A.B. asks: 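Starting off with a structure, shown below.
Reminder, nothing fancy here: chain letters follow the sequence lines and each chain counts from 1. Being a predicted model, the structure only gives us computed values, none of them experimental.
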2 protein chains.
Amino acid sequence: MEYQQSSQNTPLYQQVKDYINNRIAQGILISGMRIESEAELSKMLNASRMTVNRALRELTAEGKLRRVQGLGTFVAEQKLQSPLFEIRSLAKEIEERGGRYSCDVHLLREEEASPWLAGEMKIQVLSPVFHSIIVHKEDGLPIQLGCRYINPEIAPDYLNQDYTRITPSDYLIQQAPVTAVEHVVEALIAEQWIRELLLIDSFEPCLVLHRKTWSGEQVATVNTFYYPGTRYTLGGRFVPDDRGKLDIV
Amino acid sequence: MEYQQSSQNTPLYQQVKDYINNRIAQGILISGMRIESEAELSKMLNASRMTVNRALRELTAEGKLRRVQGLGTFVAEQKLQSPLFEIRSLAKEIEERGGRYSCDVHLLREEEASPWLAGEMKIQVLSPVFHSIIVHKEDGLPIQLGCRYINPEIAPDYLNQDYTRITPSDYLIQQAPVTAVEHVVEALIAEQWIRELLLIDSFEPCLVLHRKTWSGEQVATVNTFYYPGTRYTLGGRFVPDDRGKLDIV
DNA sequence: CTGCCCAACTTGTATATACAACTTAAAATG
DNA sequence: CATTTTAAGTTGTATATACAAGTTGGGCAG
């Protein structure tokens with residue numbers, strides 16, 4: 001067989017990568033599922049095995065696939081770990097420390113988007129958004145107040161979950177893949193109602209983490225998390241590995 | 001020519017990658033320098049061009065090399081951008097905003113390591129360390145107080161630099177490659193001498209960023225940065241790209 | 001039935017070849 | 001001399017082939 005590239009100008013190996021990526025994005029391929037072998041893909045997509053091999057090898061380096069010699073190629077469990085702050089459940093973190101996790105749901109309802117929120121989420125003013133305010137506690141002591149606004153298109157059933165059983169983070173991650181995250185940190189003296197819920201006095205500073213997530217082109221969530229400055233710090237250690245990616249240690 | 005892998009069990013393409021990586025680590029290859037062409041490396045290392053191509057392609061994906069079709073392969077400018085907080089010069093950031101940068105060096109001297117610091121840096125108690133306290137200002141207003149402890153082995157000439165001309169970050173980055181970073185953020189009411197230098201009152205919270213860097217196995221620096229809570233926020237947006245790496249937008 | 005071996009399939013690596021696309025400098029042309 | 005063309009060298013992609021190495025299940029011998 002001779003040299004072929006044909007389509008569009010996009011390299012063939014890239015077309016194979018796109019094909020796999022699309023099937024993952026569309027939910028046709030689920031985490032853990034075995035995908036076609038190189039030989040099968042080679043026939044299906046009319047590309048040589050080496051070209052398919054390159055595509056799958058690169059997708060593996062990108063963390064999207066997992067390959068086992070002699071067995072096959074599988075869809076990796078996708079976990080978007082945003083750099084400094086991995087989006088992980090606070091509950092799990094507390095349990096790892098040996099603490100007892102609990103939470104209070106102070107608000108969980110549908111609201112109409114304010115002009116500010118509409119701008120942030122790129123939706124129409126007064127269009128419906130879901131709003132929740134939840135206080136997470138370790139051994140009964142509040143350590144985070146999470147104020148979340150959720151795009152209903154991303155998680156239509158957000159209001160009908162029991163957040164004493166599954167954290168909002170955990171629920172949202174399984175609803176839609178997060179494709180981008182923005183984090184901003186600041187320090188301030190919180191408003192009174194926040195101080196009361198976090199059990200801090202008027203002179204104790206709050207660490208505030210603003211997190212905005214996207215799913216594709218849509219803004220998925222706009223969150224503000226308040227931490228008592230004296231009871232909580234945020235951080236992580238980052239070591240670039242051989243593949244140029246970052247491990248959270 | 002037939003199939004050969006021979007050495008050790010490490011794949012040939014990996015040996016090529018190691019060869020390049022080592023020459024970069026040893027300083028034989030400097031940023032921007034052109035390295036041998038695939039054909040030359042192929043002869044030198046007795047590997048086929050395709051094998052060399054794979055090695056260089058992967059190193060490029062890892063950000064270590066930069067390739068230009070028709071021109072050659074070059075050593076990429078190495079910038080360890082830690083995720084959330086890229087280690088970049090505050091000065092550049094201010095200038096990008098159109099502000100005027102200036103700084104005051106309040107302390108720059110050699111000290112003996114306290115027990116706490118010795119533990120952090122994994123050095124002997126009372127062994128020499130460099131200590132600097134510098135206030136960075138935008139349009140004359142303080143926005144960061146940087147308190148740094150530097151391992152003298154990493155940057156022996158740290159005390160003899162003019163930090164009104166080059167920021168400590170810029171200087172340290174060119175002294176030794178940073179191989180790991182740890183960041184921890186907290187919010188607190190700062191001590192009085194810090195509040196005075198940052199021109200904040202006793203009720204205004206400080207955003208505190210602790211940064212610890214490693215160069216290989218050695219702890220290179222231990223830093224604490226104080227930001228006025230009302231005048232500064234830390235943050236970034238992260239979008240995983242096709243190569244699985246993270247762009248700071 | 002049990003245990004072993006082997007065949008079939010998988011991914012992993014290495015190579016030779018071919019051509020495309022791009023860059024630069026030298027050579028040819030006016 | 002100025003301009004264009006060409007040639008040589010570079011990386012980028014695609015393929016066919018070959019063998020190594022790991023996994024699994026079925027068949028065979030005991």
A.B. asks: Please confirm whether the shortest side-chain N or O distance from B/Ser48 to OP1 or OP2 of C/dA14 is below 4.0 Å.
C.D. replies: no
A.B. asks: Under 4.0 Å from OP1 or OP2 of C/dG12: is there any side-chain N or O of A/Arg57 that close?
C.D. replies: no
A.B. asks: Over its full length, what angle do the end axes of the helix from C/dC1-D/dG30 to C/dG30-D/dC1 make, each axis taken from five pairs and the result rounded to 10 degrees?
C.D. replies: 30°
A.B. asks: Rounding to an integer number of Å, can you tell me how far A/Asn9 CG sits from D/dG12 P?
C.D. replies: 16 Å
A.B. asks: Between C1' on C/dG12 and CZ on A/Arg66, what's the gap in Å once rounded to a whole number?
C.D. replies: 17 Å
A.B. asks: For the pair made of CG in B/Leu45 and P in C/dA14, what is the distance, rounded to whole Å?
C.D. replies: 13 Å
A.B. asks: Mind listing the residues from residues 35-44 of chain B sitting with a heavy atom below 4.0 Å of DNA chain D? Number order is fine.
C.D. replies: B/Ser37, B/Glu38
A.B. asks: Just to verify, which of B/Thr221, B/Asn151, B/Ile150 counts as forming a side-chain contact (heavy atoms from CB on, under 4.5 Å) with B/Met121?
C.D. replies: B/Asn151
A.B. asks: With a 3.5 Å cut-off and no angle check, do the side chains of B/Ser48 and B/Arg54 form a donor-acceptor pair?
C.D. replies: no
A.B. asks: If the threshold is 4.0 Å, N to carboxylate O, is there a salt bridge linking B/Lys43 and B/Glu36?
C.D. replies: no
A.B. asks: Measuring from atom CZ of B/Arg211 to atom OG of B/Ser169, what distance do you get when rounded to the nearest 0.5 angstrom?
C.D. replies: 5.5 Å
A.B. asks: Between B/Tyr163 and B/Tyr158, does the ring-ring contact (aromatic ring centres under 6.0 Å, His included) criterion hold? Intermediate values first, please.
C.D. replies: CA-CA 10 Å; B/Tyr163 291 116; B/Tyr158 180 77; 5.1 Å; yes
A.B. asks: Closest-nucleotide mapping onto DNA chain C: is B/Met50 or B/Arg54 further toward the 5' terminus? I mean the 5' end.
C.D. replies: B/Arg54
A.B. asks: Does A/Arg49 reach a base, just sugar-phosphate, or nothing at all? Heavy atoms under 4.0 Å.
C.D. replies: base
A.B. asks: Are any of B/Thr51's side-chain N or O atoms less than 4.0 Å away from OP1 or OP2 of C/dT15?
C.D. replies: yes
A.B. asks: Can we say A/Glu58 and B/Arg57 salt-bridge, meaning some charged N sits less than 4.0 Å from an Asp/Glu carboxylate O?
C.D. replies: yes
A.B. asks: Kindly compute the distance separating CG (B/Leu45) from CD (B/Gln15), expressed to the nearest 0.5 Å.
C.D. replies: 9.0 Å
A.B. asks: Just the rounded figure in Å: distance from C1' of C/dT13 to CD of A/Glu58.
C.D. replies: 16 Å
A.B. asks: How long is the gap from OH on A/Tyr19 to CD on A/Gln14, to the nearest 0.5 Å?
C.D. replies: 15.5 Å
A.B. asks: Could you tell me the separation between the OG1 atom of B/Thr73 and the CG atom of B/Asn53, rounded to the nearest 0.5 Å?
C.D. replies: 9.0 Å
A.B. asks: Locate the shortest heavy-atom distance separating A/Ile28 from A/Met33; write the atom from each residue and the value.
C.D. replies: O-SD, 3.8 Å
A.B. asks: Quick one: A/Leu65 CG to C/dT10 P, roughly how many Å, whole number?
C.D. replies: 16 Å
A.B. asks: Could you tell me the separation between the CD atom of A/Glu217 and the NZ atom of A/Lys122, rounded to the nearest 0.5 Å?
C.D. replies: 10.0 Å
A.B. asks: Nearest-Å distance, CD (A/Gln15) to P (D/dT15)?
C.D. replies: 10 Å
A.B. asks: May I have the distance from A/Asn53 (atom CG) to D/dT17 (atom P), rounded to whole angstrom?
C.D. replies: 17 Å
A.B. asks: Rounding to an integer number of Å, can you tell me how far B/Leu12 CG sits from D/dA21 P?
C.D. replies: 15 Å
A.B. asks: Examine D/dT11: is either OP1 or OP2 under 4.0 Å from a nitrogen or oxygen in the side chain of B/Thr73? Give yes or no.
C.D. replies: yes
A.B. asks: Distances under 3.5 Å only, N/O to N/O: pair up the protein atoms with those of nucleotides 23-26 of chain C.
C.D. replies:
none

A.B. asks: Can you tell me how far apart CD1 (B/Ile143) and OH (B/Tyr101) are? Round to the nearest 0.5 Å.
C.D. replies: 8.5 Å
